[in-house]
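Encoded as structure tokens, the structure appears first; notes follow it.
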Protein chains: 2
Amino acid sequence: MKMSNGVEWALHCCVSLSQATSPVPVARFAELHGVPTAYLAKQLQALSRAGIVRSVPGPSGGYRLTRAPSEITVLEVVEAVDGREPPFRCTEIRRRGPLALSPESCAKPCAVARAMASADAAWRGALADVTVADLGRSIDTDSSGTAMRELRGWLSGAG
Amino acid sequence: MKMSNGVEWALHCCVSLSQATSPVPVARFAELHGVPTAYLAKQLQALSRAGIVRSVPGPSGGYRLTRAPSEITVLEVVEAVDGREPPFRCTEIRRRGPLALSPESCAKPCAVARAMASADAAWRGALADVTVADLGRSIDTDSSGTAMRELRGWLSGAG
DNA sequence: GCCCTGTTACTCGGATAGTCACTGTCCGAGTAAGGGTGG
DNA sequence: CCACCCTTACTCGGACAGTGACTATCCGAGTAACAGGGC
């Protein structure tokens with residue numbers, strides 16, 4: 001079970017975007033984070049489809065957030081990039097073999113699927129409790145309050 | 001992010017094993033669940049390496065549980081089959097690019113990694129709260145108390 | 001009848017190909033900025 | 001000097017190859033059961 005690395009990139013891009021005052025193009029993010037430009041664009045497109053960011057075409061265009069950073073949860077970003085389907089998918093093996101259950105006996109998900117779904121809900125709940133604004137504050141605290149200021153300066157400067 | 005289907009098979013096998021009184025070979029499980037024998041064997045081998053089941057070679061051999069079903073958590077089975085590494089792996093992009101942090105500033109995991117680790121801990125905690133015995137009871141309840149009895153009968157019979 | 005021995009066949013275990021999703025990349029459509037021209 | 005228009009170049013967006021992990025499979029090593037022979 002491996003999560004796409006694009007999730008990490010997308011989250012850092014959202015934090016960076018929360019400090020930007022004008023649209024930021026993909027190339028700028030790629031330079032800032034040291035990742036491939038074209039592949040990073042794929043992740044930003046996913047965020048755009050999910051309505052988390054909005055694309056501005058043409059010169060001086062790029063991406064901007066559609067909402068306040070405090071209104072964007074980590075879960076939304078993860079689901080936008082990695083998909084909304086849960087990692088575990090029940091294949092209904094209880095309906096197969098010599099002890100197969102009748103279809104009408106399978107109205108409820110089986111016990112295994114319920115346990116996995118419960119854990120998945122706990123995972124999503126934890127991710128939904130953290131917002132992009134929270135991430136920015138945590139990063140700022142780790143750097144003694146310099147990270148967000150340096151980020152704003154770099155985004156405003158020529159690069 | 002896709003979890004191996006072997007996890008589902010392994011969990012159902014553990015529940016079945018909890019009702020067996022003698023070692024059960026892989027072929028029997030494959031017939032019961034309607035899955036490929038050779039690939040299912042791979043999952044049972046993983047359980048064996050993790051110490052959840054014990055293999056008995058030779059005629060009338062197979063697999064048996066090493067502990068009581070109430071002492072085997074779903075988390076153990078998931079980790080045995082799917083691996084213990086968390087789905088999210090931080091690539092430390094904060095150390096790269098024009099605003100790269102110094103190595104000594106990265107003693108703690110970054111905020112993004114902490115948020116993902118917290119969610120992962122919640123996921124594992126939920127899985128650790130359910131045991132194989134719990135799964136068996138739930139399946140029995142869903143079938144009005146006939147599933148485990150039929151399972152014991154089939155495992156004892158010639159198949 | 002009981003014990004020993006050799007055969008037998010059944011078990012697991014790791015090493016070996018095939019397929020799907022993630023990774024990485026490219027070029028085309030669309031658009032706003034900027035400069036030039038005319039009024 | 002101002003407004004309009006054209007060129008320009010910069011943006012995103014979806015479509016196209018490469019790689020690693022999951023899927024599926026096979027054959028060999030080891031061992032307990034079983035049958036046969038000897039005591």
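In what follows, chains are A, B, ... by sequence order, proteins preceding strands, each numbered from 1. Since the model is a prediction, treat every value here as computed from it, not as a measurement.
Comparing A:Ser55 and A:Pro59 by the nucleotide of DNA chain D that holds the closest heavy atom to each, the one mapping nearer the 5' end is A:Pro59.
Counted within 6.0 Å of CZ on A:Arg67, heavy atoms from surrounding residues, nucleotides or ligands total more than 12; the atom is thus considered enclosed. Within a 6.0 Å radius of CZ in A:Arg152, other residues, nucleotides and ligands contribute more than 12 heavy atoms.
Taking atom CZ of A:Arg54 as the reference point, atom C1' of C:dT31 lies 14 Å away to the nearest angstrom. Per the geometry, CG belonging to B:Leu17 stands 11 Å off P belonging to C:dC12, to the nearest Å. Following rounding to the nearest Å, B:Gln45 (CD) and C:dT11 (P) show an atom-to-atom distance of 15 Å. If you measure from atom CG of A:Leu44 to atom C1' of D:dG14, you get 15 Å, rounded to the nearest angstrom.
The side chain of A:Ser48 contributes no N or O atom lying less than 4.0 Å from OP1 or OP2 of D:dC12. Phosphate contact (OP1/OP2 of C:dG13, side-chain N/O of B:Arg49, threshold under 4.0 Å): absent.
Looking at B:Glu92 and B:Arg94, a side-chain N of the basic residue comes within less than 4.0 Å of a carboxylate O on the acidic one, giving a salt bridge. No salt bridge links B:Asp140 with B:Arg137; every basic N to acidic carboxylate O contact stays at or beyond 4.0 Å.
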Decide side-chain contact (heavy atoms from CB on, under 4.5 Å) for B:Gln19 and B:Trp154; before the verdict, give the C-alpha distance in whole Å, the side-chain angles of both, and the deciding distance to 0.1 Å. CA-CA 10 Å; B:Gln19 300 300 318; B:Trp154 188 85; over 6 Å; no
If you apply the rule side-chain contact (heavy atoms from CB on, under 4.5 Å), what do you find for B:Leu151 with B:Ser16, and how did you get there? CA-CA 7 Å; B:Leu151 190 54; B:Ser16 300; 4.0 Å; yes
Working note: B:Gln43 + B:Cys13, criterion side-chain contact (heavy atoms from CB on, under 4.5 Å); need CA distance, chi angles, decisive distance, verdict. CA-CA 10 Å; B:Gln43 320 306 332; B:Cys13 284; over 6 Å; no
Any chance you could lay out the side-chain contact (heavy atoms from CB on, under 4.5 Å) test for A:Asp142 and B:Arg114, step after step, and finish with the verdict? CA-CA 12 Å; A:Asp142 291 344; B:Arg114 289 201 300 268; 3.1 Å; yes
N/O-N/O pairs, protein side and nucleotides 18-24 of chain C side, under 3.5 Å:
unit_1 : atom_1 : unit_2  : atom_2 : d
C:dC22 : OP1    : B:Met1  : N      : 3.1
C:dT23 : OP1    : A:Asn5  : N      : 3.2
C:dT23 : OP2    : A:Ser4  : OG     : 2.6
C:dT23 : OP2    : A:Tyr39 : OH     : 2.7
C:dT23 : O5'    : A:Tyr39 : OH     : 3.2

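Residue B:Pro57 is classed as a sugar-phosphate contact, given heavy-atom separations below 4.0 Å to backbone atoms only.
Residues B:Met148 and B:Leu155 share a hydrophobic cluster, clusters being chains of Ile/Leu/Val/Met/Phe/Trp/Tyr side chains in contact below 4.5 Å.
Non-hydrogen atoms lying under 4.0 Å from DNA chain C are contributed by B:Gly62, B:Tyr63, all within residues 60-69 of chain B.
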